[in-house]
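One structure is given below, encoded as structure tokens.
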Amino acid sequence: MKQMTIKKKITLWYTGIIVVVLGTILVLILLFVDRVGISATEEEISAAVTGFSSNINFQDDSFYLDVDTKFYDNGIMFCIYDKNGRLLYGTIPAQFPEETILMSNTPRTISESNRKWMIYDSVYTYGDDDEIWVRGITSVHSIELFMQTSKKMLLIVFPVLIILIGVIGYFMIKRALRQVDLICDEVENISNGKDLSKRLSLPKAKDELYELSEKFNEMFERLELSFEKERQFTSDVSHELRTPVAVIISQCEYLLENENLSAEDKEEIAVILRQAKRMSKLTSEMLMIARNEQGEQHLMEKLDFGLLSELVIEELQTKAQEKNIEIILQKQDDLFMNGDQTLILRMMMNLITNAINYGKTNGHIHVILKVENDQIVGEVKDDGIGISVEHLDKIWERFYRIDKSRSRENGGTGLGLSMVRWIVNLHNGTIHVESIEGIGTSFIFRFPKI
Ligand code: ADP
């Protein structure tokens with residue numbers, strides 16, 4: 001599953017917390033308003049019923065009402081019942097359940113077919129054993145309506161509010177973390193470009209991100225230093241090894257000319273010579289890589305790619321003939337490019353040498369050079385052993401050899417293709433390989449043409 005970004009995580013967390021906190025507060029407010037509304041109505045109705053009772057005058061076994069008694073006052077309707085619950089005076093609101101039992105001094109809410117009332121009953125005794133009941137009835141519909149409207153409003157407003165908070169929060173966090181994105185981009189550029197001498201630009205504010213950038217820069221500093229030391233070491237070692245290896249080669253060649261040596265001795269010396277030559281190739285390739293990595297300047301000039309390829313093929317003709325391999329060159333005219341001659345020669349040398357080394361005896365190598373859309377497109381194609389799919393990506397790595405003993409036999413070092421790719425990149429070109437095991441391999445490259 002794709003990992004969620006910090007921006008999304010923070011937004012979700014804080015929006016979630018706001019939903020819970022705000023939701024709880026709003027529910028509590030609604031409950032509180034409902035409660036307050038109800039208890040205010042309770043107080044109002046009980047006071048009104050008590051007030052209404054002052055209209056009732058008791059005399060011995062009977063009672064009478066003041067002439068100006070009002071049965072409706074300020075939203076409250078009053079009714080008078082006898083002790084059997086029979087309505088004596090007043091009118092009850094429509095739909096109000098008539099049989100609601102009388103209960104003294106207890107405010108209650110009564111619901112009936114979507115209507116809601118609050119009632120309050122008060123009992124008064126007179127005469128020997130007589131009593132009358134006064135009931136106040138008021139509609140609590142307005143509170144109910146207010147609550148319902150508020151709930152509906154909240155159902156619409158709440159999600160909109162949350163979405164708004166989420167979106168605004170996301171953009172605020174994005175803004176705050178923009179510096180982190182910038183740092184990521186810069187670090188990526190530095191590591192992609194493999195130029196450890198570059199440094200991150202420091203943010204203006206001296207905050208945590210400033211510190212992070214500084215730490216990154218310190219790390220790049222240390223990395224650069226240790227890479228530099230490693231390169232220097234490789235360069236020094238290769239350089240120091242060149243002379244002794246050259247001496248071994250020349251001494252072996254000198255010894256091989258000695259007529260007095262037996263065939264066996266000569267064979268042994270030939271083995272030493274082969275290994276020394278391999279070592280010489282390795283040291284010179286390592287030296288070349290180290291120098292290139294140290295940023296050695298290259299002489300870029302106008303090159304005739306066709307001509308250089310011809311030179312390389314000519315030089316490798318003897319080696320190809322040892323395996324009876326025919327090298328066929330097909331080239332168009334006008335194959336000019338800007339480049340370093342030594343490096344381009346080296347690249348073609350490595351590709352065609354590999355084609356011979358890993359080619360079949362009596363096989364063919366096609367070197368095809370053409371122009372396509374302002375580019376020189378080249379192909380070195382053999383009908384040799386091929387490369388299996390699992391190795392195709394790895395052959396570009398330094399010292400990667402599929403069959404070590406075979407590579408060693410051919411004098412291979414495992415550095416050839418990594419150098420080829422480096423040379424192609426240096427010349428703003430591209431290269432890729434296509435291969436079928438047992439059928440053959442094709443290296444296809446492109447360079448900008450001039
Ligand atoms: P090496 O010095 O071993 O040839 P390279 O870097 O030139 O090193 O090549 C890496 C590996 O890729 C070789 O060891 C070989 O196994 C494989 N390879 C390169 N070119 C070819 C080719 N034309 N056909 C088959 N295998 C090849």
Side-chain angles (χ1 to χ4, degrees), residues 234 238 241 245 274-293 309 312-313 315-330 342-369 377-427 429-446:
T234 318
S238 320
L241 281 175
V245 172
R274 265 205 308 278
Q275 290 305 322
K277 278 188 175 165
R278 201 174 146 248
M279 206 163 156
S280 162
K281 187 172 175 236
L282 188 68
T283 47
S284 73
E285 281 179 349
M286 276 168 57
L287 191 62
M288 195 168 190
I289 289 173
R291 281 190 180 153
N292 289 329
E293 284 185 343
S309 304
V312 174
I313 292 170
E315 198 174 325
L316 291 172
Q317 232 21 288
T318 331
K319 190 175 168 69
Q321 275 157 15
E322 282 168 18
K323 284 175 87 173
N324 197 26
I325 290 176
E326 189 188 355
I327 306 179
I328 304 136
L329 174 68
Q330 288 166 254
T342 324
L343 294 181
I344 295 296
L345 280 172
R346 166 66 71 158
M347 176 203 125
M348 287 307 281
M349 185 72 89
N350 286 2
L351 287 179
I352 301 173
T353 307
N354 276 352
I356 299 171
N357 285 343
Y358 305 102
K360 278 189 204 123
T361 315
N362 304 325
H364 299 85
I365 296 171
H366 289 269
V367 179
I368 306 157
L369 305 173
V377 183
E379 184 173 359
V380 177
K381 186 171 151 192
D382 65 57
D383 49 6
I385 58 168
I387 303 167
S388 65
V389 183
E390 81 238 49
H391 295 292
L392 271 183
D393 284 347
K394 300 181 188 132
I395 53 169
W396 306 100
E397 290 167 18
R398 277 184 204 169
F399 298 110
Y400 191 84
R401 287 166 291 174
I402 300 168
D403 181 346
K404 286 201 174 58
S405 60
R406 183 169 185 151
S407 164
R408 206 174 300 124
E409 256 172 50
N410 294 326
T413 57
L415 289 172
L417 286 182
S418 78
M419 199 176 280
V420 166
R421 189 157 73 168
W422 175 80
I423 294 170
V424 172
N425 287 344
L426 185 83
H427 289 83
T430 57
I431 184 162
H432 75 274
V433 58
E434 289 169 8
S435 186
I436 302 174
E437 214 178 352
I439 304 281
T441 307
S442 220
F443 285 90
I444 300 147
F445 49 85
R446 286 164 190 272

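Scope of the values below: all heavy atoms of this structure, side chains included, with no hydrogens, waters or symmetry mates. Sequence positions, counted from 1, serve as the residue numbers for this chain. We count ligands from 1, going down the list as the structure has it; atoms in each ligand are counted the same way.
A donor-acceptor pair under 3.5 Å is formed between the side chain of D383 and the backbone N or O of H364.
Residues L241 and M286 are not in side-chain contact: their nearest non-hydrogen atoms beyond the backbone lie 4.5 Å or more apart. Using a 4.5 Å heavy-atom threshold, the side chains of M288 and L415 count as separate.
Each of the atoms 5 (P), 6 (O), 7 (O) of ligand 1 lies under 4.0 Å from some heavy atom of G416.
Nearest non-hydrogen protein atom to atom 3 (O) of ligand 1 is S407 OG, 2.6 Å. Nearest to atom 12 (O) of ligand 1 among the protein's heavy atoms is I395 CG2, 3.3 Å. The single protein non-hydrogen atom nearest to atom 11 (C) of ligand 1 is Y400 O, 3.6 Å, given as residue, atom name and distance.
The option with the heavy atom closest to atom 6 (O) of ligand 1, from among L417, I387, I402, T353, is L417. Taking all heavy atoms of L351, N354, L392 into account, the minimum distance to atom 7 (O) of ligand 1 is reached by N354.
For the pair F399 and T413, the tightest heavy-atom approach, listed with the atom from each and the gap, is CD2-O, 3.5 Å.
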Could you pull out every donor-acceptor pair under 3.5 Å between side chains of residues 431-439 and any protein atom, sequence neighbours left out?
unit_1	atom_1	unit_2	atom_2	d
H432	NE2	E434	OE2	3.0
S435	OG	I387	N	2.7
S435	OG	G440	O	3.2
S435	OG	T441	OG1	3.0

Validation: residues 345-353 side-chain donor-acceptor distances under 3.5 Å, sequence neighbours left out:
unit_1	atom_1	unit_2	atom_2	d
R346	NH1	E285	OE2	3.4
N350	ND2	G416	O	3.1
T353	OG1	M349	O	2.4

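For the pair G414 and ligand 1, a heavy-atom separation below 4.0 Å is found.
When only interatomic distances are considered, the shortest N/O to N/O separation between T413 and ligand 1 falls below 3.5 Å. Checking only distances, Y358 does come within under 3.5 Å of ligand 1, N or O to N or O.
Using a 3.5 Å distance cut-off with no hydrogens or angles, the side chains of N357 and K323 do not pair a donor with an acceptor.
Contacts with ligand 1 closer than 4.0 Å are made by side-chain heavy atoms of D382 only, the backbone lying farther away.
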